[in-house]
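For reference, the structure discussed in these notes is given below.
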Amino acid sequence: MGEYIASNMLAKQVPIGLLLADLRRRQRQAVEMRVRDLGLSNQQFWLLVALVERQGASLAEILAGLPMDQPTASRVLAALSRRKLVRLDSDRRRSSASPHGADPSG
């Protein structure tokens, strides 16, 4: 089935930008379906993934790899903190967060 779709799209010469946009939309839908049962939004899920992958990094460093601005990230982190899914660092000089229960020192 997947080969048919791919060959059909190639036969029609669909622009790569449209293929990438469709792939991104399908990825977002797949994540939404899986995290909905956990009570998470897409933004919450991807921020949690980034926190796990970059434990010990500052919030600015984490956000550099995400399509999320600082105010949005702060709101998402506050919501995750209220649910006890992340632990926020109280040191104002270096804003950071880690998944709840994770050792931020690695």
Side-chain angles (χ1 to χ4, degrees):
M1 176 81 170
E3 289 179 25
Y4 170 77
I5 293 171
S7 64
N8 193 23
M9 288 182 154
L10 287 176
K12 292 181 181 179
Q13 295 299 312
V14 177
I16 190 74
L18 291 177
L19 291 174
L20 290 173
D22 187 53
L23 179 64
R24 176 74 177 132
R25 182 178 50 81
R26 289 175 189 264
Q27 178 191 29
R28 187 178 60 245
Q29 289 172 341
V31 169
E32 283 174 357
M33 286 177 17
R34 285 169 178 78
V35 301
R36 185 181 308 136
D37 292 339
L38 301 173
L40 296 172
S41 69
N42 269 353
Q43 289 177 322
Q44 291 171 333
F45 172 77
W46 288 115
L47 189 52
L48 282 171
V49 168
L51 289 171
V52 169
E53 290 177 344
R54 305 204 55 200
Q55 287 186 35
S58 71
L59 186 54
E61 293 166 336
I62 291 168
L63 290 179
L66 292 174
M68 189 181 301
D69 59 25
Q70 178 73 39
T72 301
S74 293
R75 287 190 302 271
V76 172
L77 281 171
L80 292 171
S81 178
R82 284 190 301 272
R83 293 183 60 191
K84 307 241 187 289
L85 295 174
V86 297
R87 182 178 48 240
L88 300 177
D89 184 357
S90 60
D91 184 357
R92 295 289 179 198
R93 292 170 293 163
R94 180 176 167 84
S95 298
S96 66
S98 61
H100 184 69
D103 180 6
S105 63

I62 vs E53, side chain to side chain contact (heavy atoms under 4.5 Å, CB included): CA-CA, chis, key distance, verdict: CA-CA 9 Å; I62 291 168; E53 290 177 344; over 6 Å; no

Distance, nearest 0.5 Å, that separates OG of S74 from CG of L63: 8.0 Å

Listed partners of V35 passing side-chain contact (heavy atoms from CB on, under 4.5 Å), at least two apart: V31, L40, N42, F45

Whether over 12 other heavy atoms sit under 6.0 Å from R83 CZ: yes

Inter-residue atom distance L66.CG - R54.CZ, 0.5 Å rounding: 9.0 Å

Listed partners of R82 passing salt bridge (Lys or Arg N to Asp or Glu O under 4.0 Å), at least two apart: none

Sequence-distant partners of I16, side-chain contact (heavy atoms from CB on, under 4.5 Å), two or more places apart: L19, L20

Q27: side-chain hydrogen bond (donor to acceptor under 3.5 Å, both in side chains) partners, not counting sequence neighbours: R24

Under 3.5 Å: donor-acceptor pair, side chain of T72, backbone of M68: no

Matching residue for V86 among V76, L80, L47 - test: side chain to side chain contact (heavy atoms under 4.5 Å, CB included): L80

Sequence-distant partners of A21, side-chain contact (heavy atoms from CB on, under 4.5 Å), two or more places apart: none

Residues which pass side-chain contact (heavy atoms from CB on, under 4.5 Å) with S41, listed by chain and number, not counting sequence neighbours: Q43, Q44

